[in-house]
Structure formats: structure tokens, C-alpha cells
Amino acid sequence: MAAAAAGLSWRRVSSFTGPVPRSRHGHRAVAIRELVIIFGGGNEGIADELHVYNTATNQWFLPAVRGDIPPGCAAHGFVCDGTRILVFGGMVEYGRYSNDLYELQASRWLWKKVKPQAPSTGSPPCPRLGHSFSLYGNKCYLFGGLANESEDSNNNVPRYLNDFYELELQHGSGVVGWSIPVTKGIMPSPRESHTAIVYCRKDLGVPKMYIFGGMCGCRLNDLWELDIETMTWSRPETKGTVPLPRSLHTANVIGNKMYVFGGWVPQSAGGEISTHDGEWKCTGSFAYLNLDTTEWIGLISDCQEDKSNLLPGPRAGHCAVAVGTRLYIWSGRDGYRKAWNNQVCCKDLWYLDTEKPPAPSQVQLIRATTNSFQVKWDEVPTVEGYLLQLHADSPVPSAAGTPGTGVPETSVLSSQGGSSLHQSPQSLPGVPCPEMKVDHPSQANNVIPDNVQLSLSSNSLLKIEGKEKVAAPENKITQETMKNHADATGFKESNAPSLLPVCTSSPQTSANVGELHDLDKRTVIPDASVSSTVSSTQTMRTSQRQMAPVKSRERQWYDVGIFKNSSAVVSQFYLLPEETLNASNKMEDADVPDYRLLKKQDLFPGTVYRFRVAAINGCGVGPFSKVSEFKTCIPGFPGAPSTVKITKSVDCIHLSWEPPASPSGNILEYSAYLAIRSTQLQENPNQLVFMRIYCGLKTSCVVTAAQLSNAHVDYTSRPAIVFRISAKNERGYGPATQVRWLQGNVSVRCSG
């Protein structure tokens, strides 16, 4: 049943850090990336603070705002355009409404009061509350609301509005002015506390605004459509059961659906709804309108009982905001009768994943050893974890025939009745633990919070692998380690490091890419992967190789574990019983097993492993990524140089690095390479050509301006000049460390 499915996906977030705002109603919220920004509302006075909730770290904070800070307001207009927010109107005190317009530049937390030009015909919008304020393109659309006809704020004479205004915005900051569009068709009736959203179908490209519900003496549940291109109003025909009449509800667009939650609804008597609803109640009902088919689908009914508190309680005047495909709901007025004298507000924060997460990027290799990989993948917003799997080229013994290592779990998260973390009393010496990124220094432990359950099935136990890691500065450098053991196969040593393609039967390369901004000294930070090939001359060519699709039945995929963050150190994987293994290969979305009952298998040296990863949210496991392939190292070769630094001078740059470990004798020499422009790049942009710019014993070198003038600027992600550095011992050259030196304003001429 749809209602039951929706209930299972709700999550109540009960663990925060930072200053939690007091509960309220009549506030508004918008999202900028992972940040939910809340302003206004009232509960024992109107709130004037700006609160921000970071959905990625579960942290509340109060930004230090400056400029023309607006007074507190409630039931105001609140829209987001990139990183600027516009606030219009609202109630500033009882009986006194506003028609002021403020702009917040959220990148600087700078408020500014703006004064738009008046319409060429007619008057500007009067002070009001409960209006809708919707953004599409460079225009905001204002509709309806409630005005006070009396000049005395203590003598409230309400007037419901159905006027319609267009506010043109300037690019980046500022506004042009108001206008009163000439519309066709019958306009919606006057109302306040309704909702308005704008939706544009991908195939048709015609933006439309939808107004639903509101209040005009009694609650409404009519749906209106405005074609923004032709400015034509209409009443679309809908299918399904229309939600009860309501006001002070929320409506949010995610994909092609408009999700409607809560609000005041009439108190029905004997199944009848009075036209003049003198009694009403808050509701926790939840439905969506398919905006492509205009069909209503009920998810949580008005009368559905929730004895286990698995659903958000009834409320009105709350805020709801979409972060990706996740819907957040916070606070609002609780209670069942308007006649209550006291204001009772909810204090809870909930979210709902409305669909399974998309496939992550391919797994990328940071570093490989003889028996482990350090891997990462790009983060997927609003997920609760990642399922990492591998497939080995060499035969893997079945669980029944392998003693396994018997390593207990670092932590186990139970899906029944909440989460319980069990710290292992033992550990396996010499096996690196997976590392987990901490997004904020104030977080002591980076584990799934107690309030979140990773429930894929009612009996599944999911493993969260990892340990705390302080976050490094982001987007500065990525570093790439190119694994190479060509000499071990009889490939003749040349002046250049021997780097073989990843996807061959020969010893493999593996990679660890780094990016560096055009700044002073920075330390490399692991990032993405790439594979490489080297010629026997002083240039080498590399190309990114895409794995060909392989049917799942040809492979046996094994779980590495479930990770909270987008990185892991892999030294073992789980062996599944034969019957479970066969089932899991048939279905990508098969239940995650109880890892505590499974044996583990260590990785082997010189072995090719294929990886894939899927994201997990409240709806379950999403699709898997494309497959990546890496090979563990062969013993004896030197490691990759590390801690690469680039220092810029007037006419050159200085490269320096730390020497790697060398199991077989001393380091005999280092080689540094620069990706250069080439006619081959014009034919195949994915195949880089490298020129050696240094060979010697020192752990540093100078790259001259003349050499840099011949550099190729790689645009596969952000513009960057690419270097590689490798070390050689008596066994031969080991893996090369690749560094992408990010170019802000590209001064080096791009090839082709």
C-alpha cells in the first residue's frame, strides 16, 4: 500500500549540534545546495533570526548577518535565486503587515533593502501576509494574500486578495521593478495561506504555475494553472482523490510531483464537510499531484493512525523544503482546534526520501598496496550510506570451504527498533581500517547518528565501515598513483617509467589523481583515478579506459561493506553462501545480508579486482555505478612518491615530493613528467602524452617557463596542467604519482 511505503521512508532527525531554533509557525525555508535556510515565523513573538541547517552534517548555525537586516516577519514570501534570497511582505506585528522587499546575499550573509520601481499601470503591491511568492527564471510571481483594510493595526479588517504581480530581477543582485501582467481566463478567487509552485515539463518546456488550496472564509482545495508564457489561467481536470480543503499547508516540487503536506482542514462531522467550517484541525495527511498527468495520489490519509510515531505529526504553518530528492519538514503549529488559546508548536525535524538515489560515479583508486586498495567515489547528496562490491578475476573459494579471518565488525547498525553500535573488542593487526571523512571539526565521531536507520529490509543488519578522519582542504589538489610493475614481466627497462594499461593481463596500473590550485605551497589530496601507458622513448601516452558492460550473471559480486562516506580502504571482502551469492547476482537490489554471520576473504597480491558502488537512502539501494578495475601491487617495487608540493616563482615552478618506501633496496632515481600538447591529442583527447622533464636522485625539480609553454591543459574536469612523478629501485619503476595543477585563469594555450 502506498501509505505504508511512504511511512517506512520517513526519518525523524533527533540528534543535532549547534543552536537549534525555537519552534514556531508561519516561518519559511529555502535550500541552497545542502543548506536549509529558515527565516521568520512566530511563537510568543515574531522571530527575526536567520537560522541555517546543514543537512550533510546535522548542524544548526546562526550566520553573522550584516547590512539592512529586516525586522522579523511571519507568513511572508521567501524565494531563492542561486545564492541570493528575496523576502517580501508578511506580518511584522499583530495587525500590521509589510510590503517591503529585502535581498540576502547568502554567500556573504549580507542583507540589503531593495526598492523596485512601481508598475507603469496601477499601484505596487499593498502590505499583506499569507501570499505566494514564486520564482521562475528572472521573475518572481506574487499572488493573493490577506490585507488589513484598517489603518489602525489594533482594528483588523481583513481583505482577501487575488491580485497578481510580476517582479523582474537583475542578474546577481538587485531588482528592476513590479509589473501587472495582462492575463487571460478566469483568475483564482481571493485567498491567503495557499501554495504556489512552478513546474516545467522536460519534453514540452512550457513553464506553468500551480496554485492549490488556501483560505477565504473557508478552506479551499481547488487547483489552478497559469501558463506563464501565454499568461492564461485555467482549472485543470484532475484524476484521483483530491486532498481535503486546507490552508497553511506546504507544497514542494520534486521531479514531476507536487508533494502536499499538512495544514488546517475542516473538522468533519459524520463524514460531511461543512461549507463554513467553523471547526477545523491540523492534519498530517500527505499526497502528491503528478504534474504530467494531473493525478492525485494519497500517501498518508487524514485518519491514518500512527501509534509508533513513525510519521510526522499533524501540523500547520510548518516549513517544507526539497534538498535534492529529499523532502525536509520542520516545526509548525500542532493541535486540533483553533479555539485553543495557547500556541503549541512542533519541535521535530523530519525528512523523506522520495526516490532511490542515482548511481554514484565510478569507483576511483587513491592508492594500492600488495593486499589493499584505498578507493573513493563522488558523493551523492542526501544518502545514508554506500554499498561497495567487488569482483575478483581469480577464483574465489566458497564460504563453506574457506576458514576466513573471523574479523569482527567495527560497528553494526541494526535496522530493528533504531540503531545500536557494537564496538569490536578485537582488531586485525596490519589491516588498515577504512577512513571516513568528518565534514566539520566539531563532530567527534563520524558514524551514522542514532536517529537514522539504514533499513533495507526488516531483518537486515548493515555494516558501517570506517574511522574518523579530519577533512582536508577541498578542491585544491588531487593526486594519482599509477601502479606499474612492468619489469616483473620481462618488459625491458627504458628511460621512461614502464606504465601498462589497467585492463590487460599484464601487471596493472592503478591511479591516484591530485589537483592543485594556482596558489603557493599545498599538499596533495587523493581524488580520482586514471590509467596509463608509456612508450620506450622520453614521452609517454595515457588514456582513460571505459570498462565494457558485462552481464551480472558472468560475475560473482561480493560485498566489501556499507560505508557512511565516499571512501574506503579495502583489504577484505565478505564470502556469501552459494545460494545467497546466486540470488544477489540476479538482483542488484537484493537484501543486504547480516555481515556478522559471514566469513571474510583477504585480497591477494598481483590480482585484478573490479569494483562497483551503489548509494543507499530511505527508499533502499539505488543502481550501481559503472565498473572500475584495479590491480593489487606485486611485492618489491617502490611505492609512489607522496606529499607533492608546487611552489610558483616568477619564471618557473618548483616541484617537490617525499620519497616512497622501497622494499627492495634504495631508490636509484626519480623521473618527473609533464603532459604536453600533441597532434595525437587532437585525434584522441583522452590520450595524454607526457614528456620527461627531470631524472635524478633529488626529491625536487624546477619546471621552466619554456617547458610550461608546451604544457597541455587538461579539461576532463577543471582546467589543469598534469605532472607525474615516479621512483625506481633495483626491481624497476614503481607507481607514478599524478598531480593536476589547477589553472584559475588559463594562460597556457590549450592544445587543439
Side-chain angles (χ1 to χ4, degrees), residues 2 5-11 31 33-34 55-56 202 253-257 259 288 299 322-328 351-364 375-391 413 415 419 434 436-437 448-449 452-466 528 546-547 549-553 555 557-568 570 573-574 576 580 583-593 595 610-628:
L8 291 176
S9 297
W10 283 100
R11 301 282 195 268
R33 293 186 290 273
E34 74 277 8
T55 61
K202 292 181 179 178
V253 176
I254 300 177
N256 66 341
K257 300 176 179 65
Y259 289 90
Y288 71 77
L299 298 173
V323 179
T325 59
R326 177 177 287 181
L327 181 67
Y328 280 86
Y351 68 80
L352 172 73
D353 287 312
T354 59
E355 57 187 57
K356 290 182 179 180
S361 64
Q362 283 180 283
V363 176
Q364 303 159 3
V375 296
K376 74 174 289 292
W377 50 92
D378 292 344
E379 290 185 356
V380 178
T382 63
V383 298
E384 297 171 359
Y386 301 91
L387 172 61
L388 181 64
Q389 293 185 333
L390 65 74
H391 160 70
L413 185 62
S415 67
S419 60
M436 299 176 66
K437 175 182 173 184
I448 295 281
V452 173
Q453 301 177 35
L454 279 180
S455 54
L456 296 171
S457 64
S458 59
N459 59 355
S460 63
L461 291 169
L462 306 189
K463 181 172 184 293
I464 304 298
E465 308 237 6
Q546 182 83 5
M547 287 295 303
V550 180
K551 295 182 180 179
S552 61
R553 69 172 182 268
R555 294 178 171 170
W557 289 99
Y558 299 89
D559 289 1
V560 177
I562 292 182
F563 299 84
K564 184 181 185 298
N565 287 326
S566 57
S567 63
V570 181
F573 56 91
Y574 292 98
L576 296 173
T580 309
S584 67
N585 281 318
K586 293 176 184 176
M587 297 180 296
E588 286 193 345
D589 199 16
D591 286 345
V592 174
Y595 292 135
R610 296 181 177 91
F611 286 88
R612 67 181 187 179
V613 65
I616 305 169
N617 67 10
C619 292
V621 181
F624 280 96
S625 66
K626 294 179 181 178
V627 176
S628 300

For the student: nearest non-hydrogen atoms of [X] and [Y], plus distance:
X      : Y      : result
Tyr574 : Val560 : CE1-O, 3.3 Å
Asn617 : Glu355 : ND2-O, 2.9 Å
Ala322 : Val253 : CB-O, 4.3 Å
Ser9   : Cys619 : OG-SG, 4.1 Å
Pro357 : Ala615 : CG-O, 3.3 Å
Thr325 : Ile254 : CA-CG2, 3.7 Å

### Task
Evaluate the side-chain proximity of Lys376 to Ser566: yes if any heavy-atom separation is below 4.5 Å, no if none is.
no

### Message
So Glu379 and Tyr386, do their side chains get closer than 4.5 Å, heavy atoms only?
### Response
yes

### Message
Please check this pair: side chain of Ser625 against backbone of Pro360, looking for a donor-acceptor N/O pair closer than 3.5 Å.
### Response
no

### Task
Verify, without hydrogens or angle tests, whether Gln362 (side chain) and Val627 (backbone) share a donor-acceptor contact under 3.5 angstrom.
yes

### Query
Taking the inter-plane angle between the rings of Tyr558 and Phe573 on a 0 to 90° scale, is it parallel (under 30°), tilted (30 to 60°) or perpendicular (over 60°)?
tilted

### Query
Can Asp559 and Gln389 be counted as having a side-chain donor-acceptor contact under 3.5 angstrom?
yes

Report the distance from atom [atom1] of [X] to atom [atom2] of [Y], rounding to the nearest 0.5 Å.
X      : Y      : atom1 : atom2 : value
Glu384 : Lys564 : CD    : NZ    : 9.5 Å
Leu352 : Leu299 : CG    : CG    : 8.0 Å
Arg326 : Arg11  : CZ    : CZ    : 8.5 Å

### Query
With sequence neighbours left out, what residues match Tyr259 under ring pair (Phe, Tyr, Trp, His ring centres under 6.0 Å)?
Phe286, Tyr288

### Message
Suppose we screen for side chain to side chain contact (heavy atoms under 4.5 Å, CB included). Which residues come up paired with Ala614, at least two apart in sequence or across chains?
### Response
Val621, Phe624

### Task
Please identify each residue that fulfils side chain to side chain contact (heavy atoms under 4.5 Å, CB included) with Val323, with sequence neighbours left out.
Ala31, Val36, Thr55, Tyr328, Thr382

### Task
Could you walk me through whether Leu388 and Leu390 pass the side chain to side chain contact (heavy atoms under 4.5 Å, CB included) test, one step at a time?
CA-CA 7 Å; Leu388 181 64; Leu390 65 74; over 6 Å; no

### Candidate pair Phe563 and Val613, rule side chain to side chain contact (heavy atoms under 4.5 Å, CB included), full reasoning
CA-CA 10 Å; Phe563 299 84; Val613 65; over 6 Å; no

